[in-house]
Amino acid sequence: MDAERRKSLEATTRWDPGAVEARVFAEWMEGGYFHPAAEGSPEENFSVAIPPPNVTGVLHMGHALNGSMQDALVRLNRMRGRNTLWILGTDHAGIATQAVVEKELRKEGVSRQELGREEFVKRVWAWKEEYGSRIVEQYQRLGASCDYERERFTLDEGYVRAVHRVFKALYDKGYVYRDNYMVNWDPGTRSAISDLEVENREVEDVLYSIDYPLEGSERVLTVATVRPETMLADTAVAVNPADERYADLVGGFCLLPLVGRRLPIIADDHVDPAFGTGALKITPGHDVNDFEIGRRHGLEEITVIGEDGRMSEEAGEYAGMSVAEAQAAVVGALREQGLLRTEEAYTHSVPFSHRSGERIEPLISLQWFCRMDELARPAIEAVERDEVRISPDQWKRVYLDWMGEIRPWCVSRQLWWGHRIPVWYCAECEGEIVAEVAPQRCPACESAELRQEEDVLDTWFSSALWPFATLGWPDHTPELAAFYPTSFLTTAREILFLWVARMVMMGLEFPGAVPFRDVYVHSVIQARDGRRMSKSLGTGIDPLEEIDVHGADALRFGLLAMSSTQDVRYSDAKVEQGRNLANKLWNASRLILLNAAEVEPAPRPARVEDRWLLSKLERTIASVTGKLEEYDFAHAAQEAYSFVYRDLCDWYLEIVKPRLYDGEEANLTATLLYALERVLGLLHPLMPFVTEEIWAYHPARDGHLVVHAFPSPDPSLRDEAAEDDVEAGIRLTQRLRAWRDLAAVPVAATLPALIDGVEPPEFVGRLSRFAFDGVGAEPVSSIGPVRVLASEQLDAEAVAVRLQKRRQELEAEVKRASRKLENEGFVGKAPAEVVEEERGKLERYRRELAELG
RNA sequence: GGGCGCGUAGCUCAGUGGGAGAGCGCUCGCUUCACACGCGAGAGGUCGCUGGUUCGAAACCAGCCGUGCCCACCA
């Protein structure tokens, strides 16, 4: 270390992440450490595909947690010498991105329709070029060691080829088809959406009972509905076939009020005789159940609500009204005619669009669908056989349950931004051509008048190809050969079906192998008050601000430490704990580095505390590494913290300070430098910046820590005897300090004492300020083997209080242990070693009590 | 309607069959030559409730109360 650097290290008494992080990150990038060669096999290599954030996105806590976990594993494996790739990229996010650009246009007073499709898509690309890398830069602030040179986008050129290849293949197999079917229509985005993008909310509606007159009779059939406006599209009334009340009416007709249409009365099992009157109006055009019933009975499908959420021409006098207006009008008319029997408040769950927040309007619409059952079968088997391991394991069941009941996926969206569906329609022969590239002529009739499908694909259709499309599939690229299947995936549970399950299906169907070996479903970090973190609720906490204030290492540590298998509230305290740990590490390292002699780092224990430290370090390395491997990030972080604070700083460094300041003991500095090197390596996956920066001052440094060897276990350094001896010494030191405190001894006073029994390690007397060479004076108290001698620094009364307290503690313990040992059941049935242990305790307590007198 | 969680110190959370733990907060004491983002010592808990299993339960079982999430086409 040259004089300049030494001076700077001496002066920097606090870890200052703001001054260091950007520089260290730039060094990593320059070193090219994140950009592996496409060599080796997926079995030897380690690869992770990042869940691609939306291009419109800004880094939120979910990304930060997810990223901290992935980076911990990526760095661990890179340091272990594996060829490691972390694939990065962004998602074109159809609806979100289109909405952002449309909003911009509105400010300019232009609509996308006025602009036209081609121009609009150009505008979105321009937006993407300008703002699309924002979130990627934010991942860099976190320290994420992604391969930024291989960044991908779900709409880039190669990706489009992959999507077209997949669409055509699924079409050729008959999985993808076009059909008029009931879909979840989102009036907000004016597009169909999939079942998974629908969320059900409890809503209070009014349940209306309406009388439908029977044809040729004075009787009426009373039906119940929360959506009277849809009656305009009714085409039947259904009753349960077993319902005797209506048996004679089945096959007859009733008359639809307001409209006058004759409605057949049909029997269907779906009808619950116990609900309402047991008669159900059937609206195949606007209700999912009714649609199914209608198809079973061959009913007419009438549509009275348009895609704009307003009543259509078919609604007659109600045409043009909003759904709410039509409802009021219909109810008014029914009331006037005396057909409205009852109105009651009714709470039920109603589908809403997850995208726009608007109430879903079930509509019959011509859309593209993908049949899923064939694709699901191998994806179920792969998880059942643990070829894809999902943990924590309750999520495996959730995955399997959902896959078992999978339904067709509506993949078309009425948007402009996205993968335009590669289907062309011939104007001449009306043929349908599915092709990977735009065809020039119709293969059937040679016509050149071809029109491409207007709709685009669901964004999740392209995301489903992420792990292999990013590696160059459908080409046989070196990247694909080296890194597919990927090793590991972390994800939030909300996209288990939307994304993870579909990747497994597509991976098996196309490259023909599972996309990843391990899926870890992490918990949700909630806002401080326990609500969801959400931008709209204003409950989000900005990870970038946390990084500004406490540093990236602090945030990473905090997030990992607070993560758990259950959802947790965001804990500022844990982030501060991380910041404190970074600072502690920095200062402990300063102590070592500024006092280190010029020696090779090596474990050269000279005293029992050295053997203890090395043994504890071994234990910690094994344990922390094991926790990381089983994705137990919280305990990995806590154990690393505890080692650094407790074992290394509070005890070992305090114990060896005199030896260190002496500067004559080469063995000690060799051991310290060795321990420091291993600690930095161990902590680097969790806290990359501070560890890399400290490493820059380490005399053994031969390159960046990011590619330094991760500490491998060295069982020869385990020493249980040293651990026992030093830990006994630590406990004794703590008891002596507590004794002093209670006896109100001045802090600086050194108390005379002597040892009766086994000599404790040297540090005990020093750290507790007892001198064990006392002679002559009278013992006033015993603490283990230590006999405290009378001196003018002792307040007799305070000592008496202290002794009394200890006596009471011991008496309680003796009582507890005796009672246990007098219990015949315990002595007779508990394992022998448990009983033996209890006997030992009792004896020790009795002995100490006797010593106290 | 079905499923999965959770209820432990003032707060946020670990612990899942043998003496209640961590971080933060709180109290007391420290200008100790790495660090006050520090050091030392403490206080603080009928482990939601009720039963059961067991020599022994915070942990296992049952019921109840409270609370969160996911899935679901009964108007």
Side-chain angles (χ1 to χ4, degrees), chain A residues 10 13-15 182 195 199-200 207-208 223-227 238 270-272 274-283 287-293 346 348-349 351 362 394-395 397-398 401-402 405 493-494 496-497 523-524 526 528 530 532 550 554 558 561-562 564-574 576-595 634-635 638 641-642 649-650 653-654 657 660-661 733-734 737-742 744 746-748 767-769 813 816-817 820 823-831 833-835 837-838 841:
Chain A
E10 267 170 6
T13 58
R14 267 197 196 185
W15 166 241
M182 175 120 314
D195 296 338
E199 63 180 27
N200 291 298
L207 184 65
Y208 299 94
V223 300
T225 181
V226 290
R227 299 208 55 195
H270 173 261
V271 181
D272 177 2
F275 189 94
T277 60
L280 175 64
K281 75 185 206 56
I282 303 296
T283 321
D287 183 278
V288 187
N289 298 306
D290 294 7
F291 175 79
E292 303 284 346
I293 294 170
Y346 184 68
H348 63 148
S349 71
Q394 71 246 38
W395 299 109
R397 276 244 324 279
V398 172
D401 288 349
W402 183 76
E405 287 174 38
R493 60 171 165 265
E494 63 193 29
L496 189 62
F497 307 142
S523 57
V524 174
Q526 302 165 333
R528 291 179 252 254
R532 287 183 75 80
H550 302 297
M562 76 181 87
S564 158
T565 51
Q566 65 162 318
D567 295 351
V568 290
R569 299 176 182 206
Y570 185 78
S571 165
D572 300 279
K574 284 283 187 290
E576 279 166 30
Q577 192 182 353
R579 179 202 57 185
N580 294 350
L581 176 58
N583 189 57
K584 194 73 173 172
L585 205 54
W586 174 253
N587 278 295
S589 303
R590 285 175 60 234
L591 174 67
I592 295 169
L593 294 168
L594 291 171
N595 292 285
H635 288 103
Q638 307 275 22
Y641 174 90
S642 161
C649 294
D650 289 352
L653 290 179
E654 292 303 328
K657 260 180 191 174
L660 185 63
Y661 290 139
T733 306
Q734 287 175 318
R737 284 169 170 173
W739 188 92
R740 291 177 62 110
D741 220 53
L742 265 161
V747 181
L767 296 184
S768 59
R769 293 192 188 235
E813 289 298 337
R816 187 195 58 77
K820 205 163 178 179
N823 180 340
E824 284 173 27
F826 175 72
V827 178
K829 295 190 180 174
E833 66 265 23
V834 175
V835 178
E837 202 182 324
E838 204 59 38
K841 284 179 199 166

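So you know, we letter chains A, B, ... as the sequences are listed, proteins then strands, and number each from 1.
- rC60(B) and rG52(B) make up a base pair, with Watson-Crick or G-U wobble contacts both under 3.5 Å.
- Once rounded to the nearest 0.5 Å, the distance linking NZ of Lys841(A) with NZ of Lys820(A) reads 6.5 Å.
- Note: CG (Asn587(A)) to P (rC33(B)) measures 13 Å, nearest angstrom.
- Of the possible donor and acceptor atoms, none in the side chain of Asn587(A) sits under 3.5 Å from a partner among the backbone N and O of Arg14(A).
- The nucleotide whose nearest atom lies closest to any side-chain atom of Arg493(A) is, among rU12(B), rG18(B), rC69(B), rC69(B).
- With RNA chain B read from its 5' end, the first of the two nearest nucleotides for Val747(A) and Gly276(A) is the one closest to Val747(A).
- As judged by a 4.0 angstrom heavy-atom cut-off over every strand, His270(A) is placed among the base-contacting residues.
- Rounded to whole Å, atom C1' of rG23(B) lies 7 Å from atom CD of Gln638(A).
- Checking rC35(B), rC55(B), rG40(B) against every side-chain atom of Arg737(A), the shortest atom distance belongs to rG40(B).
- At the heavy-atom level, Ser349(A) lies under 4.0 Å from base atoms of the strands shown.
- Asn595(A) places a side-chain N or O within donor-acceptor distance of the main-chain N or O of Leu591(A), the cut-off being under 3.5 Å.
- Note on Val271(A): a base of the nucleic acid sits closer than 4.0 angstrom, heavy atoms only.
- Among the nucleotides rA41(B), rC37(B), rC13(B), the one closest to any side-chain atom of Ala738(A) is rA41(B).
- Checked by atom type and distance alone, the side chain of Ser523(A) pairs as donor or acceptor with a backbone atom of Ser564(A) at under 3.5 Å.
- Distances from the side chain of Asp741(A) to the nucleotides rC24(B), rU12(B), rA41(B) place rA41(B) closest.
- In this structure, rG66(B) and rC6(B) make a Watson-Crick or G-U wobble pair, each of the two defining distances being under 3.5 angstrom.
- Counting any heavy atom pair closer than 4.0 Å across all strands shown, Asn823(A) reaches sugar-phosphate atoms only and no base atom.
- When Watson-Crick and G-U wobble pairs are counted only if both distances are under 3.5 Å, rG38(B) pairs with rC30(B).
- Rounded to a whole Å, the NE2 atom of His635(A) is 8 Å from the P atom of rU16(B).
- Residue Gln566(A) places at least one side-chain N or O closer than 4.0 Å to OP1 or OP2 of rA14(B).
- Comparing the C1' positions of rC70(B) and rA9(B) gives a spacing of 32 Å, expressed to the nearest Å.
- Between the Arg740(A) side chain and the Arg769(A) main chain, a donor and an acceptor come within less than 3.5 Å of each other.
- The pairing partner recorded for rC47(B) is none, the criterion being a Watson-Crick or G-U wobble arrangement whose two distances lie under 3.5 angstrom.
- Phosphate proximity of rC37(B) to Arg14(A): present, with a side-chain N or O under 4.0 Å from OP1 or OP2.
- Separating the CD atom of Gln577(A) from the P atom of rG21(B) is a distance of 18 Å, rounded to the nearest angstrom.
- When each of Arg397(A) and Thr277(A) is assigned the nucleotide of RNA chain B with its nearest heavy atom, Arg397(A) is the one assigned upstream, toward the 5' end.
- Taking 4.0 Å as the cut-off between side-chain N and carboxylate O, Arg532(A) and Glu494(A) count as a salt-bridged pair.
- Rounded to whole Å, the separation between the P atoms of rU16(B) and rG1(B) comes to 35 Å.
- With P as the reference atom, rG44(B) and rA14(B) are 25 Å apart, rounded to whole Å.
- Look at the P atom in both rG42(B) and rC6(B): the space between them is 34 Å, to the nearest Å.
- Of the candidates rG15(B), rC69(B), rC35(B), rC35(B) carries the atom nearest the Glu654(A) side chain, counting heavy atoms from C-beta on.
- For Arg579(A), no side-chain nitrogen or oxygen approaches OP1 or OP2 of rC37(B) to under 4.0 Å.
- The side chain of Arg590(A) has rC35(B) as its nearest neighbour among rG40(B), rC35(B), rC55(B).
- Of all nucleotides listed (rC6(B), rA41(B), rC37(B)), rA41(B) comes nearest to the side chain of Gln734(A).
- If you take CG of Asp195(A) and C1' of rC70(B), they are 15 Å apart, rounded to a whole angstrom.
- Atom CG of Asn580(A) and atom P of rC35(B) are 15 Å apart (whole Å).
- In this structure rG23(B) sits in a base pair with rC11(B), meeting the Watson-Crick or G-U test at under 3.5 Å.
- We find that CG of Asp650(A) is positioned 11 Å from C1' of rC35(B), with the value rounded to whole Å.
- Pro362(A) comes within contact range of no nucleotide atom at all, as no heavy-atom separation falls under 4.0 Å.
- Atom-to-atom distance recorded for Gln638(A):CD and Met562(A):CE is 10.5 Å, nearest 0.5 angstrom.
- Which of rG38(B), rG42(B), rU12(B) sits closest to the side chain of Lys584(A) comes down to rG38(B).
- Between the side chain of Asp287(A) and the backbone N or O of Thr283(A) there is no donor-acceptor pair closer than 3.5 Å.
- rG21(B) and rA58(B) are spaced 14 Å apart, taking the P atom of each and rounding to whole Å.
- Of the candidates rC37(B), rA72(B), rG18(B), the closest approach to any side-chain atom of Phe826(A) belongs to rG18(B).
- Lys281(A) comes within 4.0 angstrom of no nucleic acid atom, judged by non-hydrogen atoms across all strands.
- With both ends at atom C1', the span from rA57(B) to rC49(B) equals 16 Å, rounded to whole Å.
- Here, rA43(B) and rA22(B) have their P atoms 12 Å apart, quoted to the whole Å.
- Between rC13(B) and rG56(B), the distance separating the two P atoms is 34 Å to the nearest Å.
- Using a 30° and 60° split on the angle between ring planes, Trp15(A) and Trp586(A) fall in the tilted class, from 30° to 60°.
- Checking rC13(B), rC55(B), rA72(B) against every side-chain atom of Asn200(A), the shortest atom distance belongs to rA72(B).
- Residue Tyr346(A) is classed as a sugar-phosphate contact, given heavy-atom separations below 4.0 Å to backbone atoms only.
- Between the NZ atom of Lys657(A) and the C1' atom of rG40(B) there is a distance of 13 Å, given to the nearest Å.
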